[in-house]
Every structure is written in structure tokens, then in C-alpha cells.
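Following: one structure in C-alpha cells, then a few remarks.
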Number of protein chains: 2
Amino acid sequence: MALPRAARTLRRTRIQEEKEERILEAALEVFSLHGFRGATVDQIAEVAGMSKPNLLYYFRTKEAMHRALITRVLDTWLDPLREFDAKGSPVAEIRSYIRRKLEMARDFPRESRLFANEVLQGAPNIEDELKGPLKALVDEKAEVIRAWAKAGKIAKCDPYHLIFSIWSTTQHYADFDVQVRAVLGQENAGEGRFEDAARFLEQLFINGLEVRDQPA
Amino acid sequence: MALPRAARTLRRTRIQEEKEERILEAALEVFSLHGFRGATVDQIAEVAGMSKPNLLYYFRTKEAMHRALITRVLDTWLDPLREFDAKGSPVAEIRSYIRRKLEMARDFPRESRLFANEVLQGAPNIEDELKGPLKALVDEKAEVIRAWAKAGKIAKCDPYHLIFSIWSTTQHYADFDVQVRAVLGQENAGEGRFEDAARFLEQLFINGLEVRDQPA
DNA sequence: TGATAATTTGACCGGTTGGTAAACATTACA
DNA sequence: TGTAATGTTTACCAACCGGTCAAATTATCA
């Protein structure tokens with residue numbers, strides 16, 4: 001008989017742990033590059049270094065694989081926002097949030113693209129996650145930002161659109177990497193672009209572009 | 001005999017004009033939602049309201065359709081950046097560029113998603129366009145911005161990352177529409193979100209978030 | 001009108017897709 | 001060690017994929 005996941009009531013074998021890990025790693029690679037419909041099980045199996053039926057022994061359908069991957073990744077993906085702290089200095093807090101998000105774009109571009117692909121295609125498999133846990137977390141942090149603005153610690157602004165703009169500007173460097181490289185050209189293609197981006201975004205979000213009248 | 005496009009030396013029939021239009025419209029709908037690999041010719045044919053062989057009579061391959069669509073759309077997509085004018089007031093020019101890009105995200109979300117899908121998946125079919133015409137246009141406008149900064153008309157900043165940030169923040173409302181709606185919730189799901197976004201982004205790009213010390 | 005070219009369709013093809021069946025191999029453990 | 005559960009593989013399938021073909025239909029225009 002062969003009922004790997006259904007029959008798994010309590011313990012998970014060492015071998016299960018390892019294989020599922022390898023599969024999800026391979027799935028991340030392929031899904032993030034081609035999207036759900038564009039990815040094939042054969043491709044994922046090859047990247048994972050195992051036969052297709054063997055892979056399907058651990059995840060019975062392509063969709064199950066995708067679900068497992070998304071829910072796992074979503075959690076770590078929201079960590080920077082969770083760390084967003086009401087007690088810190090507002091400007092410093094926003095600055096470090098930008099920096100952390102940019103680091104994630106640099107270090108985990110596949111995770112970013114996985115979500116981008118999913119959301120772009122209508123988020124058929126994670127709509128509930130978006131409307132539930134994600135919205136709740138954003139609502140909470142938006143309230144923090146709103147309080148800061150009310151207290152005069154930062155400029156009055158719509159906290160939701162502020163969060164959107166931080167997401168979009170930072171994730172851009174993962175999701176649109178090819179375009180960024182193409183436009184910057186080969187000479188600026190090094191990892192330095194992330195440092196440049198960090199500097200620019202900090203300045204943008206703190207000071208904007210208008211020249212400030214210096215009292216002197 | 002039947003060689004529709006190859007044999008088309010000079011004139012194009014009214015019927016050709018109409019059908020190709022309908023096909024590209026349908027292709028935009030389907031490609032923008034599922035990406036190149038995820039889209040099927042049958043799907044496009046159904047949306048276009050014609051049989052698959054009939055569709056393939058006008059565009060001989062799925063790839064030819066995609067190419068035609070991309071090159072057509074890319075041109076109009078870059079119009080706002082082309083209008084970016086060195087002679088205007090810098091702040092006003094940036095403000096109106098943001099507004100125009102946001103209007104495009106609102107009025108042509110499918111076009112935005114088409115590119116997002118393509119770039120996200122490594123831009124296999126438009127790499128040349130990115131490294132050629134697009135880079136050239138951005139280089140030109142970046143020089144304008146650099147000159148403004150040098151003349152003290154706007155804050156010193158990296159012009160490329162400025163352009164990236166305008167692209168990402170505005171296109172976010174087309175590409176991540178589902179997420180934006182989910183987070184804002186049903187009560188804020190009206191078209192008003194584009195006005196809110198415009199107000200926020202203008203403030204962000206001009207003034208930033210730090211409270212300015214008003215001289216009493 | 002008639003004839004010629006342009007358009008449309010149903011039937012079909014080889015290759016790929018997600019997934020299955022069942023035999024075989026390996027591990028865990030009494 | 002034996003044996004039952006777990007893991008792996010080969011061979012395979014039906015559905016779907018992009019694309020072809022030849023026949024049928026429709027538009028064009030002398």
C-alpha cells in the first residue's frame with residue numbers, strides 16, 4: 001500500500017522530511033519562474049532529482065505542492081512587517097522596514113516572484129490568506145502609522161498606500177530584476193544596485209525630492 | 001490556397017483588420033491573466049469568438065501572436081515617459097508623470113500585467129526591447145533628472161532608481177490589484193483608491209514623510 | 001453572373017501534460 | 001532474522017496542447 005501523506009497521523013520519517021524539503025525547494029525554483037500553469041511536474045521532479053511518480057508520492061497533486069509552498073513562504077515573507085514596532089522612532093522604524101524588505105528582495109527573489117506570479121494571475125489559491133491574515137496584519141500596522149501621523153511624528157498620509165509603496169518599490173528589485181538589469185546596463189549590474197536602491201529609497205521616503213530650504 | 005500574412009504584400013482587407021484586432025484584444029485578455037505558457041490558443045480563440053484554426057489563419061503561431069501584442073502595447077506603454085519634458089518645472093513634471101502612470105494603471109491594467117508577466121518570467125521574448133529602445137529612453141530621461149538635481153531644482157538622487165520607484169508604485173495598482181483590494185477591504189474597493197493613491201504618491205515623492213520644520 | 005481569391009470549419013496528428021497501477025526495493029522494528 | 005510498512009520505479013493512460021489539412025463557405029470583382 002502507499003498512502004504517504006494521508007496515512008501520516010503522527011510521526012514523519014526522516015526520509016519524508018528530507019524529500020519534502022527537496023521537493024518544495026525545487027517547486028519554488030520552477031513555480032517562481034513560470035507561474036502555476038506554466039510550471040510542469042516533470043520539470044519540478046527533474047530539479048528535485050527524482051522521478052515524477054516519486055514526487056507525486058509525497059504531494060499527490062501539483063496543486064497540493066503549490067498550496068504547501070505558498071503557505072510556508074507567506075509566513076516568513078511577512079516577518080519584516082510583523083517586526084514593525086510601534087515603540088521605535090517612526091522614521092527609524094520606516095527606514096529599517098525598507099531596508100529589511102530590500103534585503104529580502106535581494107536574498108529571496110524567488111519567494112517574491114512566487115507571490116507576484118500568484119497575485120498577478122488573480123490569486124486564485126490565496127485569496128483567503130490575503131483577505132484574512134494579511135489584511136489583519138496590515139490593518140494593525142496601519143493603525144500604528146496613523147497614530148504616528150496624528151501625533152505629528154511623521155507627515156499626515158494614508159498608511160495603507162504608504163505600506164503599498166514600500167512593498168512595491170522594494171519587491172520591484174526582485175520581481176522586475178531582468179528589467180532593472182537591462183536598464184542599468186552591464187556596467188552597473190553588480191550587487192551594488194541594492195545599496196544604491198536602499199540609499200535612494202530612504203531619501204525618498206524620508207525627505208522626498210523637493211529641495212528643502214536650509215536656514216542658512 | 002491560404003497564406004494570409006505571408007501573402008499580404010500591400011493591402012489589408014477590412015476583414016483582416018477587424019479579425020486581427022479582435023484576436024489581439026482576446027490575446028491581451030488571456031496572456032495578461034495567465035502569462036505566455038499558461039495561456040492556451042483555444043482559450044484565446046474562444047474569447048475572440050472564433051475557431052482555433054481560424055485564429056491560426058491570422059497568426060500562424062502562439063508566439064507570433066504574443067510578439068505582435070507585445071510590440072504594439074510596448075509603444076503606447078512608454079508614452080508617458082516620452083512626454084516627460086526637460087523644459088517644464090521639475091516638480092510639476094514629476095507630479096504629472098506619476099499621475100499619468102497611475103491613470104494608465106487604472107485604465108489599462110491588462111497591458112500592465114502583460115508586461116509584468118513577461119518580465120517576471122525572465123522576459124524571454126522582449127530582452128532586446130528592454131536593452132535597446134527602453135534603456136535608451138530611460139538613459140535620456142535620467143540625464144534630464146540628473147541635470148535638474150545638479151542645478152539644485154530637486155534633491156540630489158539617483159535618477160534611475162527614481163524612475164524605478166515611480167514605475168513600481170504606480171504599476172502596483174494594476175499588477176497587484178487583487179491584493180490591494182483584499183487589503184483595503186470591500187468598503188474601500190471603489191475607484192476612489194486611485195485618487196487616494198495619487199494624493200499619497202504626490203506627497204511622498206515631493207515631500208517625503210518627515211515632518212518639515214515650519215518656521216512658525 | 002461566374003470564377004477566382006480569401007476566409008472558415010471539422011477532423012485530425014504527434015507530443016506533452018498531470019496523474020495512476022502495480023511490481024519492485026528498501027527501511028524500520030519486533 | 002523476518003515481515004510489514006514505507007519508498008521507488010517502469011510502464012502506462014486519458015486529456016489537453018499547438019498546429020495541420022483538405023474541404024466547404026463566403027467575399028471580391030471582372
Side-chain angles (χ1 to χ4, degrees), chain A residues 1-24 26-27 29-31 33-70 121 124-125, chain B residues 1-24 26-27 29-31 33-70 121 124-125:
Chain A
M1 203 43 187
L3 281 180
R5 317 202 80 230
R8 202 186 65 216
T9 47
L10 284 169
R11 305 239 298 129
R12 295 176 67 196
T13 335
R14 170 187 52 84
I15 226 168
Q16 270 176 17
E17 205 99 30
E18 282 177 12
K19 288 293 168 74
E20 289 180 7
E21 184 57 37
R22 262 172 58 195
I23 292 172
L24 288 181
E29 184 73 27
V30 178
F31 278 135
L33 196 54
H34 298 122
F36 180 74
R37 298 186 51 172
T40 75
V41 178
D42 297 78
Q43 239 178 324
I44 297 170
E46 194 191 329
V47 173
M50 62 181 77
S51 67
K52 182 170 62 169
N54 195 185
L55 185 155
L56 287 167
Y57 170 73
Y58 292 99
F59 295 90
R60 287 148 85 120
T61 67
K62 184 183 173 185
E63 212 183 303
M65 246 169 55
H66 193 248
R67 254 200 313 273
L69 185 58
I70 288 251
Q121 307 190 357
N125 296 323
Chain B
M1 202 42 185
L3 281 180
R5 316 202 82 230
R8 202 185 64 216
T9 49
L10 284 169
R11 306 237 298 127
R12 295 176 66 197
T13 335
R14 171 187 51 84
I15 224 168
Q16 270 177 18
E17 206 99 30
E18 282 178 13
K19 287 294 168 71
E20 288 179 9
E21 185 57 38
R22 260 172 60 194
I23 291 172
L24 288 182
E29 184 71 28
V30 177
F31 279 135
L33 195 54
H34 298 121
F36 180 75
R37 297 185 53 173
T40 76
V41 178
D42 297 78
Q43 239 179 324
I44 298 170
E46 193 191 329
V47 172
M50 61 180 78
S51 67
K52 182 170 61 169
N54 196 185
L55 186 155
L56 288 167
Y57 170 74
Y58 293 100
F59 295 91
R60 286 145 87 118
T61 67
K62 182 184 174 184
E63 212 182 304
M65 244 169 56
H66 193 247
R67 255 199 313 274
L69 186 59
I70 288 252
Q121 307 191 358
N125 296 323

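Fair warning: this is a prediction, and the values are worked out from it, not measured in the lab. Protein chains get the first letters and strands the later ones, always in sequence-line order, with residue 1 at the start of each.
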[X] [atom1] to [N] [atom2], straight-line distance once rounded to whole Å:
X     : N      : atom1 : atom2 : result
B/Y58 : D/dG19 : OH    : P     : 18 Å
B/M50 : D/dG19 : CE    : P     : 16 Å
A/E18 : D/dT6  : CD    : P     : 17 Å
A/L55 : D/dT10 : CG    : P     : 15 Å
B/E20 : C/dA6  : CD    : C1'   : 13 Å
B/F59 : D/dT20 : CZ    : C1'   : 19 Å
B/H34 : D/dC17 : NE2   : C1'   : 15 Å

Notebook entry, point to check: Any ion pair linking A/E18 and A/R22 (charged N to carboxylate O, less than 4.0 Å)?
Noted result: no
Distances for protein N or O near nucleotides 16-21 of chain C N or O, under 3.5 Å:
unit_1 : atom_1 : unit_2 : atom_2 : d
C/dG18 : OP1    : A/A39  : O      : 3.2
C/dG18 : OP1    : A/V41  : N      : 3.3
C/dG18 : OP1    : A/K62  : NZ     : 3.1
C/dG18 : OP2    : A/V41  : N      : 2.9
C/dG18 : N7     : A/K52  : NZ     : 2.9
C/dG19 : OP2    : A/K62  : N      : 2.7
C/dG19 : N7     : A/K52  : NZ     : 3.4
C/dG19 : O6     : A/K52  : NZ     : 3.2

Considering non-hydrogen atoms only, spot the tightest contact between [X] and [Y] and give its length.
X     : Y     : result
B/M50 : B/N54 : CB-OD1, 4.1 Å
A/A26 : A/I44 : CB-O, 3.6 Å
B/L24 : B/M65 : CD2-O, 4.0 Å

Under 4.0 Å between a side-chain N or O of [X] and OP1 or OP2 of [N]?
X     : N     : result
B/Y57 : C/dT7 : yes
A/Q16 : D/dT6 : no
A/N54 : D/dT9 : yes
A/S51 : D/dT8 : no

Notebook entry, point to check: Among all residues two or more places apart in sequence or in another chain, which pass the salt bridge (charged side-chain N to carboxylate O under 4.0 Å, His left out) test with B/K62?
Noted result: none
Item checked: With sequence neighbours excluded, residues passing ring-ring contact (aromatic ring centres under 6.0 Å, His included) with A/H66 -> A/F31, A/F36
Note to self: Rounded at 0.5 Å granularity, tell me how far CG in A/N125 sits from CG in A/L69.
What the structure shows: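 Between A/N125 CG and A/L69 CG, I get 11.5 Å after rounding to 0.5 Å.
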